[in-house]
Amino acid sequence: MTGNNEHHDDTIDSDDDQQPGKHRLDKSMKRRRVLIGGTAVAAAGGLAVAGFASADTTSGETASSAEAEASTGTSTASGVCTLNAEVTEGPYSLDGALVREDIREDKEGFEVQYTFTVVDQADDCAPLADALVEIWHCDALGEYSGFVGGNGHQEEDNGTFLRGGQLTDANGQASITSIWPGHYVSRAVHVHMRVHTEVTLTDDSYTGGEVIHTGQLFFDPDINEEVQATSPYSANTTKETTLANDSIYDDGGASSGLLTLTALGSSVSDGYKATITVGVDSA
C-alpha cells in the first residue's frame with residue numbers, strides 16, 4: 001500500500017483557522033446534491049429513500065420511519081433521488097484497500113455494522129451492483145493506520161487496520177463491520193468513503209477501476225458524545241471538534257453523509273447498525 005502524498009489542512013487546523021467547506025472538491029460537480037425525479041426508485045423498493053433519514057437516536061427496537069418506508073417501497077418520497085455530497089478524501093487515504101467484510105482487526109471499540117445502498121443517477125437511480133465501497137477511519141485514539149502518531153499516540157502500525165471495502169450485490173448493497181471512530185485534532189468524528197467501479201479483484205484486494213464518489217460519513221452528535229466519554233475512547237484526551245463546528249459537514253443530513261443509527265443493545269458499548277443510501281453518478 002502506498003500513501004497519498006497530498007496533505008490537506010484538516011490534520012492540524014486550529015479552530016480559528018477553520019473555514020466551512022474549504023476542503024470540498026473544487027469541481028463543477030462538487031455539490032452533487034441535485035434532486036431528480038424518476039420512477040425507478042419506487043420500482044427498486046424505495047432503496048434511495050433510506051438515505052434521507054437523519055440519524056436514529058432511539059432504541060434498537062425502533063428504526064427510523066424512512067427506513068421502514070424504504071423496506072416496503074411505500075415512501076411518499078418515492079421517485080426522488082439525491083446525489084451525495086462530494087468532499088476531499090483527506091490526507092489519510094491509501095491505495096490498494098483490502099476487500100473484506102470486517103476491517104476491525106484487533107482494534108478495540110464499539111461495533112458498527114454498516115450497510116451501504118449505492119444507487120446510480122445515471123441509471124434512473126437503480127441499485128448499482130459490483131461497485132466497491134471502501135471506507136477508512138481512525139481508531140479509538142484518533143490514529144490512522146499508515147500514519148500512526150499523527151494524533152500524538154504511539155502504537156503498532158500495520159498500515160491496514162480500519163481500512164477495507166466490499167462489492168455491492170444485485171441490490172446495490174454492501175456490508176462492512178468496523179468500530180465507532182475516535183476523534184483527532186480539528187475534525188468531528190467521521191469516516192472516509194470512496195465508491196469504485198470496474199475494479200478487478202485479486203486474492204485479497206483489487207486493481208484498476210474508477211473512483212466515482214468520494215465522501216465522508218458522520219454520526220449523531222448526542223450518541224457520539226456518550227461514546228467518546230466511554231473507555232477506550234476516553235483515553236484519547238486530544239481536543240474534539242463537534243459536528244456543528246466541523247469544517248466539512250454542512251448540516252445537510254443524509255445527503256451530506258449523516259448515518260442512520262439503530263442501537264444493537266441498551267448501551268452504547270453494544271454498538272450500532274449504521275445505514276445510508278449513497279447516490280452516485282457513474283456517467
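Numbers here are sequence positions counted from 1.
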Do we see a donor-acceptor contact under 3.5 Å between the side chains of His192 and Ser93? no
Glu240 bridged to Arg187 by N-O distance under 4.0 Å: no
With no hydrogens and no angle check, do the side chains of Thr117 and Gln173 hold a donor and an acceptor under 3.5 Å apart? yes
Would you say Leu167 and Val118 are hydrophobically clustered, going by side-chain heavy atoms of ILVMFWY under 4.5 Å? no
Side chain to side chain contact (heavy atoms under 4.5 Å, CB included) assessment of Gln113 paired with Leu264: CA-CA 9 Å; Gln113 300 173 1; Leu264 293 174; 3.8 Å; yes
Closest non-hydrogen atom pair, Pro127 against Ala170: CB-O, 4.0 Å
Between Asn245 and Thr242, do the side chains contain a donor N or O and an acceptor N or O under 3.5 Å apart? yes
Under 3.5 Å, is there a donor on one side chain and an acceptor on the other for Thr241 and Asp246? no
For the side chain of Asp220 and the backbone of Asp222, is there at least one donor-acceptor N/O pair under 3.5 Å apart? yes
Verify side chain to side chain contact (heavy atoms under 4.5 Å, CB included) between Phe218 and Ile248, making sure each step is shown before the conclusion. CA-CA 10 Å; Phe218 300 94; Ile248 296 290; 3.9 Å; yes
Does this structure show an ion pair linking Arg163 with Glu105, if we count only N-O contacts that are shorter than 4.0 Å? no
Taking the six-membered ring for Trp, are Tyr114 and Phe116 parallel (under 30°), tilted (30 to 60°) or perpendicular (over 60°)? parallel
So, applying side-chain contact (heavy atoms from CB on, under 4.5 Å) with Leu128, which one of Asp123, Thr197, Val133 is it? Thr197
Can you establish whether the number of heavy atoms outside Glu101 located under 6.0 Å from its atom CD is more than 12? yes
All heavy atoms of Ser255 vs all of Thr82, minimum pair found to be CB-CG2, 3.3 Å
Between CG of Asp251 and CG of Leu243, what distance do you get to the nearest 0.5 Å? 7.5 Å
Which atoms form the tightest heavy-atom contact between Pro232 and Ala140, and what is the distance? CG-CB, 4.0 Å
Between Asn236 (side chain) and His183 (backbone), is there a donor-acceptor pair under 3.5 Å? yes
Counting only heavy atoms not in Lys273, do more than 12 sit closer than 6.0 Å to its NZ atom? no
Aromatic centroids of Trp136 and Tyr144 separated by under 6.0 Å: no
Are Val189 and Val268 co-members of a hydrophobic cluster defined by side-chain heavy atoms under 4.5 Å apart? yes
So, Ser282 versus Asp120: side-chain donor-acceptor pair below 3.5 Å or not? yes
Between His153 and Tyr184, is there a side-chain donor-acceptor contact under 3.5 Å, judged purely by atom types and distance? no
Point-to-point distance, once rounded to the nearest 0.5 Å, from CG of Leu94 to OG of Ser145: 6.0 Å
How about CD on Glu198, more than 12 heavy atoms from neighbouring residues, nucleotides or ligands closer than 6.0 Å, or not? no
Between His137 (side chain only) and His190 (backbone N and O only), is there a donor and an acceptor less than 3.5 Å apart? no
Establish whether Ile212 and Val199 are linked, either directly or via other cluster members, by ILVMFWY side-chain heavy-atom contacts under 4.5 Å. no
Parallel, tilted or perpendicular: ring planes of Phe147 versus Tyr92, cut at 30 and 60 degrees: perpendicular
Atom pair CG/OH of Leu98 and Tyr206 - distance to nearest 0.5 Å: 10.0 Å
If you group Ile, Leu, Val, Met, Phe, Trp and Tyr by side-chain heavy-atom gaps below 4.5 Å, do Val148 and Val191 land in one group? yes
Are Ile135 and Val99 grouped together when hydrophobic residues (ILVMFWY) are joined by side-chain heavy atoms under 4.5 angstrom apart? no
Between Thr88 and Thr214, which heavy-atom pair has the shortest distance, and what is it? C-CG2, 4.0 Å
Between Thr177 and Asp102, is any side-chain donor less than 3.5 angstrom from a side-chain acceptor? no
Note: Gly164 and Ile176 closest approach over all heavy atoms is O-CD1, 4.2 Å
Given 3.5 Å as the limit, does a donor-acceptor pair link the side chain of Ser178 with the main chain of Leu162, or not? no
Over all heavy atoms of both residues, which pair between Cys138 and Gly182 is shortest? Give the atoms and the distance, please. SG-O, 3.4 Å
Atom pair CG/CG of Asp130 and Asp169 - distance to nearest 0.5 Å: 9.0 Å
Does some side-chain heavy atom of Ile223 sit less than 4.5 Å from a side-chain heavy atom of Tyr272? yes
Between Asn158 (side chain only) and Phe161 (backbone N and O only), is there a donor and an acceptor less than 3.5 Å apart? yes
Sub-6.0 Å ring centroid separation between Phe110 and Tyr233: yes
With a 3.5 Å cut-off and no angle check, do the side chains of His196 and Glu210 form a donor-acceptor pair? no
Would Asn151 and Thr238 satisfy side-chain hydrogen bond (donor to acceptor under 3.5 Å, both in side chains), going step by step from the backbone distance to the final call? CA-CA 8 Å; Asn151 200 39; Thr238 57; 3.3 Å; yes
Nearest 0.5 Å please: distance from the CE atom of Met193 over to the CD atom of Gln216. 9.5 Å
Lys107 NZ to Asp139 CG distance, which is reported to the nearest 0.5 Å: 4.0 Å
Determine whether a donor-acceptor pair (N or O, by modelled atom type, separation under 3.5 Å) exists between the side chain of Ser205 and the backbone of Leu201. no
Other than Leu141, which residues form its hydrophobic cluster under the rule that side-chain heavy atoms must be closer than 4.5 Å? none
